[in-house]
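Just so we're on the same page: letters track the sequence lines, and every chain starts at 1. These values consider heavy atoms only, across backbone and side chains, with no hydrogens, waters or symmetry-generated copies.
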Amino acid sequence: MPELPEVETVRRGLAEHIIGKKFKDIEVRHHRATSPKSIAALTSLKGARVVEVSRRGKFLWLNLDRPEVLVGHLGMSGQLLIQPKSAADERHLRVRIDLGKHELRFIDQRTFGWLSVEESKGGFPTCVQRIAPDPFDAEFNLAETISRFAKKKTEIKRALLDQSVMSGVGNIYADEALWRSKIHPETRTENMRSTKIQNLIESATEVMSQALKVGGTSFDDLYVNVNGESGYFERFLAVYGQEGEGCLRCGGQIRRITFANRSSHFCPKCQPTPRAKRNH
DNA sequence: ACTAGCACCTGATCGC
DNA sequence: TGCGATCAGGTGCTAG
């Protein structure tokens with residue numbers, strides 16, 4: 001559920017609250033919250049101190065005063081909350097880390113999220129090595145990113161969701177970026193000029209940047225920042241979840257289609273169905 | 001090497 | 001009221 005703006009909102013909140021704090025105790029309350037192997041690895045971080053909170057795409061990690069890093073992914077429904085010790089346990093509380101006066105809690109209804117302990121090479125944890133830079137990354141290179149999109153042989157929406165091409169974009173911001181660039185989600189990447197790909201990358205960057213300014217998108221309390229507060233970007237969504245509504249640009253009726261096992265929302269009038277590629 | 005499809009979960013909502 | 005189908009912000013494995 002959380003995409004780059006939501007994960008970055010969480011990262012900033014964590015950085016504010018836990019840098020310099022020590023893990024006094026670690027309790028794993030659900031077997032799926034870590035891989036079976038890393039339950040022991042996770043509890044072995046007792047005594048570690050947090051040095052820095054980092055992110056690439058939707059992956060978050062805590063650098064510690066030891067070589068290993070604590071990596072986290074929120075999946076579809078994960079939350080990381082800073083709570084007073086006295087706060088009642090949340091229904092889907094999966095991991096509790098005692099920081100002294102407060103606790104860092106990992107809460108996750110659908111259990112697609114996880115925490116794990118990993119080695120770090122070149123500044124990135126093992127599982128993040130295959131994740132491409134996101135548009136806000138110091139290592140982000142526009143030309144290389146365009147080139148990776150151009151090499152794909154698939155629909156553009158699938159490529160936008162492929163975290164090894166460019167990271168950070170999920171289903172909401174993919175639909176919003178495609179709408180802003182007037183591109184139909186099923187357009188074949190083979191049929192897109194690099195200027196159009198660049199335009200799409202810029203739209204994705206712009207929409208995620210605007211969402212970040214208001215703390216991300218929350219439809220319900222399944223996504224909140226570390227203080228439990230919701231983001232406000234839902235008010236600004238042009239197509240996501242707007243099936244049947246009028247397009248803000250042309251008044252056309254927003255449609256929802258299903259492909260790649262997910263919903264795609266778009267305006268059929270300003271994002272027309274792509275013409276099949278001609279064979280000569 | 002690459003892509004498509006589905007599995008992994010819990011819970012809310014909608015139509016019958 | 002109940003029950004099945006469908007939907008939900010993501011990733012990872014595997015068959016082809």
Side-chain angles (χ1 to χ4, degrees), chain A residues 1-10 29-37 55-60 71-80 90-94 106-116 118 125-132 134 147-178 185-186 188-190 204 207-208 211-212 214-225 230-244 256-265:
Chain A
M1 128 196 194
E3 306 178 34
L4 187 151
E6 293 76 36
V7 178
E8 174 60 15
T9 300
V10 171
R29 296 168 51 97
H30 193 287
H31 67 101
R32 277 177 55 87
T34 71
S35 61
K37 194 178 160 188
R55 181 190 58 74
R56 170 167 276 186
K58 306 168 197 169
F59 292 75
L60 268 176
V71 191
H73 196 291
L74 302 177
M76 294 282 264
S77 54
Q79 300 176 17
L80 285 166
E90 292 76 6
R91 181 166 178 195
H92 302 293
L93 177 62
R94 307 305 188 197
F106 178 57
I107 295 140
D108 189 12
Q109 180 211 109
R110 292 178 71 183
T111 69
F112 291 157
W114 46 264
L115 301 180
S116 79
E118 297 187 9
T126 310
C127 72
V128 182
Q129 300 286 330
R130 61 196 172 68
I131 302 300
D134 62 64
S147 160
R148 282 194 296 276
F149 271 105
K151 281 177 189 146
K152 299 295 280 187
K153 293 177 170 35
T154 189
E155 297 98 343
I156 187 60
K157 169 108 186 242
R158 288 181 194 269
L160 253 187
L161 295 175
D162 185 337
Q163 305 295 300
S164 70
V165 173
M166 178 176 93
S167 66
V169 177
N171 209 37
I172 296 178
Y173 299 114
D175 284 0
E176 295 297 312
L178 289 163
E186 293 175 301
R188 299 291 306 186
T189 47
E190 299 96 311
V207 68
M208 290 195 292
L212 181 55
V214 294
T217 302
S218 312
F219 299 123
D220 49 42
D221 61 6
L222 281 188
Y223 163 70
V224 290
N225 70 11
S230 296
Y232 292 105
F233 198 68
E234 191 201 351
R235 301 174 189 173
F236 304 103
L237 296 176
V239 283
Y240 187 88
Q242 310 299 312
E243 184 180 15
R256 181 173 73 90
I257 57 170
T258 302
F259 78 100
N261 287 320
R262 333 202 48 174
S263 289
S264 286
H265 310 74

For atom CG of A:Leu60 and atom P of C:dG10, their distance in whole Å: 14 Å
Set of ring-ring contact (aromatic ring centres under 6.0 Å, His included) partners for A:Phe59, sequence neighbours left out: A:His73
Touch class at under 4.0 angstrom, heavy-atom based, for A:Arg256 against every strand present: sugar-phosphate
Per-nucleotide protein contact string for nucleotides 1-9 of chain B (B base, S sugar-phosphate only, - none; heavy atom under 4.0 Å): --SSSB-BB
Where protein sits on nucleotides 11-16 of chain C, one letter per nucleotide: B base, S sugar-phosphate only, - none, heavy atoms under 4.0 Å: SS----
Length of the CE-C1' vector between A:Met76 and B:dT10, whole Å: 11 Å
Integer angstrom distance from the P of B:dC9 to that of C:dT14: 15 Å
Separation of the P atoms in B:dT13 and C:dG9, to the nearest angstrom: 16 Å
Exercise: do A:Thr189 and A:Lys152 side chains pair donor with acceptor under 3.5 Å: no
Atom pair distance, as rounded to whole Å: CE in A:Met208 and P in C:dG9: 16 Å
Nucleotide C:dG10, atom P - distance to OH of A:Tyr173 in whole Å: 10 Å
P atoms of B:dA1 and C:dT11, separation to the nearest Å: 23 Å
Short side-chain N/O contact to B:dG11 OP1/OP2 from A:Arg91, under 4.0 Å: yes
Residues that A:Phe259 engages under ring-ring contact (aromatic ring centres under 6.0 Å, His included), provided they are two or more places apart: none
Bracket notation of DNA chain B in which parentheses pair within the strand, [ ] cross earlier pairs, and | pairs with another strand (Watson-Crick or G-U, under 3.5 Å): .|||||||.|||||||
Protein-nucleotide distance (A:Asn171, atom CG; C:dG9, atom P), rounded to Å: 5 Å
Side chain A:Arg32, main chain A:Thr111, donor-acceptor under 3.5 Å: yes
A:Arg158: partners by salt bridge (Lys or Arg N to Asp or Glu O under 4.0 Å), with sequence neighbours left out: A:Glu155
